Protein chains: 2
Amino acid sequence: MNEEQWLKELLKFNEEDGKWSEKQIKILEAAIEMFAEKGYAATSTSEIAKRAGVAEGTIFRHYKTKKDLLLAIVMPTLFQSVAPFLAKEFAKEVFENQYEHYEDFVRAVWKNRYEFVKKYLPAIRVFWQEIAFHDEIKKQFETIFKTHVYEKFKKIIEHFQEKGEIVELPVESVIRLTITTIAGFFAARFMIMPDYEWDDDAEMERTIQFLMNGLAKK
Amino acid sequence: MNEEQWLKELLKFNEEDGKWSEKQIKILEAAIEMFAEKGYAATSTSEIAKRAGVAEGTIFRHYKTKKDLLLAIVMPTLFQSVAPFLAKEFAKEVFENQYEHYEDFVRAVWKNRYEFVKKYLPAIRVFWQEIAFHDEIKKQFETIFKTHVYEKFKKIIEHFQEKGEIVELPVESVIRLTITTIAGFFAARFMIMPDYEWDDDAEMERTIQFLMNGLAKK
DNA sequence: ATTTCAAGTGAGTACTCACTCATTATTGTT
DNA sequence: AACAATAATGAGTGAGTACTCACTTGAAAT
């Protein structure tokens, strides 16, 4: 997949205007790279323009402010981050026994998000760095998480608790333990120790086994 | 504990010079607060001076550059973050059966680090934000982790694996799973959802049970 | 061929940044 | 009280900041 393709894919939820000029994409690419490397506040618009091979004014033709440019990166990343839970078919896939066990569900989510993280890593870096400092982003995230991710996740867990497959802890705790176990791997694998020699498949097996044992009903 | 006290405690590993003037402490306090709120790059030295009730020049009398000020916050926090593993008595406590089970060890670490995180939260925020952008910090962290934390952790895990208490996964995986499970709680509790109504003791119980089941030998 | 117009430019603008330094205030010593 | 040494000050500095705007370009529409 070429450089432009993945970016267009990340942005495709916003297809309403659809028409991304070449320079606009170059600007986004440069901004993502530099924000990921040095952070939003430490990156100047003149540097972005230089790396994008564009005049500084061109940035402000497409994005009213520097912050608008940040949001144009961060918001699509936010939506893609929780994409599986936003899909309509998603809940059905679970309840119509496409996933017979909680483990099947976890494996599906894992693989899906693994591909996502590998593909969009720089944008995800920017997202997680800047969510700490920008309230609009944090609030958007909270809203999406509560109304989409949490609600669906809850039903899925209650489903498998009723089936007697997983332990009868509070749903919130099961969600948290599931997410931190999966996200903990991604954080270690891609953020904290990206240069360590990982055997991704083996580590996935170990982690999922650990998670299933931890949540097993005794 | 008053405001100055906790800061002095955080800094005490660096007792060689020991003499912290009142203004110097005020500057550090203000810097920690503001770096935690808006980030290092987005905070100006003039703002720090104002909040500290000090002239801007005074900052540069005590810290040669703005980055020196950052390091004066971040390095002590780095050391304190892994403090239990740096203590000489630490390994003894484990091997001389002061901790009979891996669970006892995990509980001890949990409680110790829980107090630490509660106390120094803003400094820890700054540390985790800025480690992503400053190579010196990241390298220091890696060195300390490899030579102190990892080595001791490894021996402890091998000890309990030989006792047949925990599963025979690669040590690296057991360390990672243990840390991400504990750190995952702290991240959710203090960083991502600090306003949620947590029952800390109950959640600790659930999390440790989850961890021990996940790592149990079958 | 002429008009139209969005896309692109880059020098210019007002302002902020980290850092300096001559001057003043405070403290300790005799 | 006189002096020395140190600490603190804040106006000043030049480099850099996000953003503007009068202008150019090129391609499509008439």
Side-chain angles (χ1 to χ4, degrees), chain A residues 4 7-8 11 14 16-35 37-74 126 129-130 133-134 136-137, chain B residues 4 7-8 11 16-74 126 129-130 133-134 136-137:
Chain A
E4 293 189 11
L7 229 183
K8 281 179 186 157
L11 301 172
N14 195 11
E16 22 171 335
D17 38 295
K19 41 190 179 189
W20 304 93
S21 82
E22 213 171 299
K23 305 233 166 190
Q24 203 167 354
I25 298 247
K26 285 262 175 241
I27 291 168
L28 276 179
E29 274 174 16
I32 290 176
E33 279 176 38
M34 306 203 65
F35 288 168
E37 267 171 44
K38 346 192 309 167
Y40 167 75
T43 305
S44 70
T45 49
S46 71
E47 288 175 292
I48 295 170
K50 202 180 279 179
R51 165 117 42 141
V54 144
E56 202 173 348
T58 308
I59 293 177
F60 292 95
R61 173 152 315 272
H62 293 290
Y63 306 95
K64 282 216 315 262
T65 64
K66 188 187 168 193
K67 189 147 194 176
D68 276 3
L69 175 57
L70 173 67
L71 294 179
I73 293 165
V74 152
V126 176
Q129 278 295 325
E130 298 307 325
F133 302 130
H134 307 270
E136 334 92 90
I137 302 177
Chain B
E4 293 189 13
L7 228 182
K8 281 179 186 155
L11 301 172
E16 22 171 335
D17 37 294
K19 42 192 176 186
W20 304 93
S21 80
E22 212 171 302
K23 307 232 166 192
Q24 206 166 352
I25 298 246
K26 285 262 175 241
I27 291 167
L28 275 179
E29 273 175 15
I32 290 175
E33 279 175 38
M34 308 204 63
F35 289 167
E37 267 170 43
K38 348 193 307 169
Y40 168 75
T43 304
S44 69
T45 48
S46 71
E47 288 175 292
I48 296 170
K50 202 181 278 179
R51 166 118 38 143
V54 146
E56 202 174 347
T58 308
I59 292 178
F60 291 94
R61 168 158 317 275
H62 292 291
Y63 307 95
K64 280 216 317 259
T65 65
K66 190 188 169 192
K67 189 147 195 177
D68 277 3
L69 175 57
L70 173 67
L71 293 178
I73 293 165
V74 152
V126 176
Q129 279 295 326
E130 298 307 326
F133 302 130
H134 307 270
E136 333 93 89
I137 302 176

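These values consider heavy atoms only, across backbone and side chains, with no hydrogens, waters or symmetry-generated copies. Numbered from 1 within each chain, the chains take letters A, B, ... in sequence-line order. For clarity, every value in this text was computed on a predicted model and none was experimentally measured.
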Contacts under 3.5 Å, N or O only, protein and nucleotides 11-17 of chain D:
none

In whole angstroms, how far is the P atom of dC17(C) from the CD1 atom of I59(B)?
12 Å
To the nearest angstrom, the CG-C1' distance between L69(A) and dC19(D) comes to 13 Å
Nearest-Å distance for atom pair CG/C1', residues D68(A) and dT20(D):
16 Å
Has K23(A) got a side-chain N or O lying under 4.0 Å from the OP1 or OP2 atom of dT9(C)?
yes
Between CD1 of I25(A) and C1' of dA7(C) the distance, given in whole Å, is 15 Å
Worked check of side chain to side chain contact (heavy atoms under 4.5 Å, CB included) between F35(A) and Q129(A)
CA-CA 9 Å; F35(A) 288 168; Q129(A) 278 295 325; over 6 Å; no
Does K66(B) qualify as a cation-pi partner of Y40(B), given the criterion of NZ or CZ under 6.0 Å from the six-membered ring centre and within 45 degrees of its axis?
yes
Say whether, by atom type as modelled, one donor and one acceptor occur between the side chain of T58(B) and the main chain of V54(B) under 3.5 angstrom.
no
Every protein N/O within reach of nucleotides 22-28 of chain D N/O, cut-off under 3.5 Å:
none

Test item: L71(B) and E136(B) side chains (from C-beta on) under 4.5 Å apart, heavy atoms:
yes
Can you tell if the side chain of Y63(B) reaches within under 4.5 Å of the side chain of L70(B), non-hydrogen atoms only?
no
Mind calculating the distance between CZ (F60(A)) and P (dG8(C)) to the nearest angstrom?
15 Å
Round to the nearest Å and state the distance from I48(A) atom CD1 to dC19(D) atom P.
11 Å
side-chain hydrogen bond (donor to acceptor under 3.5 Å, both in side chains) partners of E47(A), counting only residues at least two apart:
K38(A), S44(A)
Rounded distance (Å) that lies between atom C1' of dG8(C) and atom NE2 of H62(A):
8 Å
Q24(A) CD to dA6(C) C1', straight-line distance once rounded to whole Å:
12 Å
Quick one, K26(A) with S21(A), criterion side chain to side chain contact (heavy atoms under 4.5 Å, CB included). Give me CA distance, side-chain angles, the key distance, then yes/no.
CA-CA 9 Å; K26(A) 285 262 175 241; S21(A) 82; over 6 Å; no
Distance only, no hydrogens: is a donor on one side chain within 3.5 Å (strictly under) of an acceptor on the other, for E56(B) and S46(B)?
no
Residues K67(B) and H134(B): side-chain donor-acceptor under 3.5 angstrom:
yes
